[in-house]
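In what follows, a single structure is set out as structure tokens and then discussed.
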Amino acid sequence: MPIREGLLVVISGPAGSGKSTIVDRLIDQNPASARRAVTATTRKPRPGEAHEKDYYFLDRDEFTRMADNGDFLEYTRFNNNLYGTPRFSLDREIAKGGVILLVIEVAGAEAVKRLFPDATSVFIIPPTPVSLRRRLEKRGTESREEIESRLGIAKTEMQRIGEYDFLIVNDDIETATRDLAAIIRVVERSLICGGELERWEQGHFADWHTVCIF
Ligand code: 5GP
């Protein structure tokens, strides 16, 4: 399934890696061209999280009904909650064009990459295990048991970093956001998709420095 209308960027990383903050910043900085595909979960909202902005917060029955209807592109259980990518959410954003950011865990990312082989995948990690624990504790939104469970899941997830196209080490949010923007710029510019002569004649490449062909 080639993505003609937009560029799909799948982002994964352990809880506490800062991936949501980085994605939100990138979108704030590029509101006209970058958007998030909102996913669904049975997890309760954290303080400050809003329905339809951060997640579609569903109860278990609603989620199961959608899953049975085939309304999810993929879904999975994560730390005793269900998470899924609603087809309508991703389809709608892809149809709008631009950069679509999908923040999901590794099994979901694998499923989405299978469906959209042209998607770019980025894994985000904190610099050290100590910093990961510190960030989760500082966030203060999870119980001690939940933090331990998420740290365990983080180790399993990080064994799959090699399946991703890019790795960002988030030592500093500003730098990591700039890195993600740079990755997107490089990938966008490497998409040789036809019509380059016309675009060149129209001056489309005037301020470009390099076009990568992988
Ligand atoms: P959190 O509870 O921290 O918001 O999310 C837990 C994990 O589920 C994160 O790694 C997040 O990226 C992932 N996630 C969020 N939505 C989806 C989804 O629709 N599908 C899958 N597979 N994972 C998701």
Side-chain angles (χ1 to χ4, degrees), residues 8-27 35-60 62-67 69-94 100-116 119-126 132-133 135-161 163-164 166-168 170 176 180:
L8 178 59
V9 184
V10 180
I11 313 264
S12 299
S17 61
K19 58 188 187 298
S20 295
T21 311
I22 293 167
V23 165
D24 288 346
R25 269 178 182 247
L26 184 96
I27 292 170
R35 288 175 325 279
R36 195 172 178 150
V38 178
T39 61
T41 183
T42 59
R43 167 170 79 60
K44 296 276 166 288
R46 296 187 188 120
E49 283 185 331
H51 181 62
E52 294 188 3
K53 180 184 168 286
D54 297 286
Y55 277 110
Y56 295 99
F57 290 103
L58 307 178
D59 63 32
R60 224 158 245 268
E62 287 171 309
F63 194 104
T64 310
R65 206 174 321 120
M66 280 182 70
N69 271 345
D71 292 339
F72 291 118
L73 264 177
E74 61 73 38
Y75 66 95
T76 194
R77 175 183 294 274
F78 183 98
N79 215 24
N80 293 326
N81 283 299
L82 297 168
Y83 294 81
T85 309
R87 287 178 194 280
F88 77 84
S89 174
L90 194 56
D91 287 352
R92 184 184 55 204
E93 298 310 333
I94 287 176
I100 303 114
L101 296 134
L102 180 64
V103 186
I104 58 178
E105 52 70 66
V106 290
E110 185 188 356
V112 169
K113 277 284 260 186
R114 222 177 301 121
L115 288 166
F116 298 94
T120 296
S121 57
V122 181
F123 202 95
I124 301 180
I125 55 171
L132 177 60
R133 177 181 286 277
R135 279 186 205 180
L136 276 177
E137 288 173 350
K138 203 168 140 207
R139 189 157 87 175
T141 48
E142 277 93 7
S143 65
R144 182 137 297 280
E145 298 76 57
E146 215 167 311
I147 289 177
E148 293 308 324
S149 164
R150 281 178 181 257
L151 285 169
I153 295 171
K155 279 194 180 169
T156 314
E157 287 193 315
M158 287 170 66
Q159 282 165 2
R160 299 184 60 180
I161 290 175
E163 296 170 29
Y164 286 72
F166 295 93
L167 173 67
I168 292 178
N170 174 20
L180 180 58

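Each ligand, and each atom within it, is numbered from 1 in the order the structure gives.
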Please report the C-alpha distance between Ser149 and Asn79 in whole Å, then the side-chain angles of each, then the deciding distance to 0.1 Å, and finally whether the side chain to side chain donor-acceptor pair (under 3.5 Å) criterion is met.
-> CA-CA 7 Å; Ser149 164; Asn79 215 24; 2.4 Å; yes
Could you walk me through whether Ile100 and Leu102 pass the side-chain contact (heavy atoms from CB on, under 4.5 Å) check?
-> CA-CA 7 Å; Ile100 303 114; Leu102 180 64; 5.5 Å; no
Before giving the answer on side-chain contact (heavy atoms from CB on, under 4.5 Å), spell out for Thr156 and Val106 the whole-Å C-alpha distance, their side-chain angles and the decisive distance to 0.1 Å.
-> CA-CA 10 Å; Thr156 314; Val106 290; over 6 Å; no
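Taking 4.0 Å as the cut-off between side-chain N and carboxylate O, Arg160 and Glu110 count as a salt-bridged pair. Salt-bridge check for Arg43 with Glu146: failed, with every basic side-chain N at 4.0 Å or more from each acidic carboxylate O. The pair Arg36-Asp24 meets the salt-bridge criterion, with a side-chain N (NZ, NE, NH1 or NH2) lying under 4.0 Å from an Asp/Glu carboxylate O.
Using a 4.0 Å cutoff on heavy atoms, Thr41 does not count as a contact of ligand 1. A heavy-atom separation below 4.0 Å is not found between Ala107 and ligand 1. Using a 4.0 Å cutoff on heavy atoms, Tyr55 counts as a contact of ligand 1.
In this structure, Glu93 and Ala37 approach most closely via the heavy-atom pair CG-CA, 4.1 Å. Nearest heavy atom pair, residue Leu132 against residue Ala154, reads CD2-CB, 3.8 Å.
Relative to atom 20 (N) of ligand 1, the option among Lys44, Glu74, Glu146 with the closest non-hydrogen atom is Glu74. Taking only non-hydrogen atoms, the option from Glu105, Arg150, Arg139 nearest to atom 10 (O) of ligand 1 is Glu105.
Taking every non-hydrogen atom of Arg43 and a distance limit under 4.0 Å, the qualifying atoms of ligand 1 come out as 1 (P), 2 (O), 4 (O). Listed by number with element, the atoms of ligand 1 under 4.0 Å from a non-hydrogen atom of Gly108 are 22 (N). For ligand 1, the atoms sitting less than 4.0 Å from at least one non-hydrogen atom of Val103 are 12 (O), 14 (N), 15 (C), 16 (N), numbered in the order shown with element in parentheses.
Checking Asn170 against Ser17 by side-chain atom types alone, no donor-acceptor pair falls below 3.5 Å.
The nearest heavy-atom contact from the protein to atom 16 (N) of ligand 1 is Thr39 OG1, 2.8 Å. Summary of contacts: the protein heavy atom closest to atom 9 (C) of ligand 1 is Lys19 NZ, 3.9 Å.
Annotation: Phe78 places no N or O atom under 3.5 Å from an N or O atom of ligand 1; distance criterion only.
By the criterion of a heavy-atom distance under 4.0 Å, both the backbone and the side chain of Thr85 are placed next to ligand 1. With a 4.0 Å cut-off on non-hydrogen atoms, Arg46 touches ligand 1 through its side chain and not its backbone.
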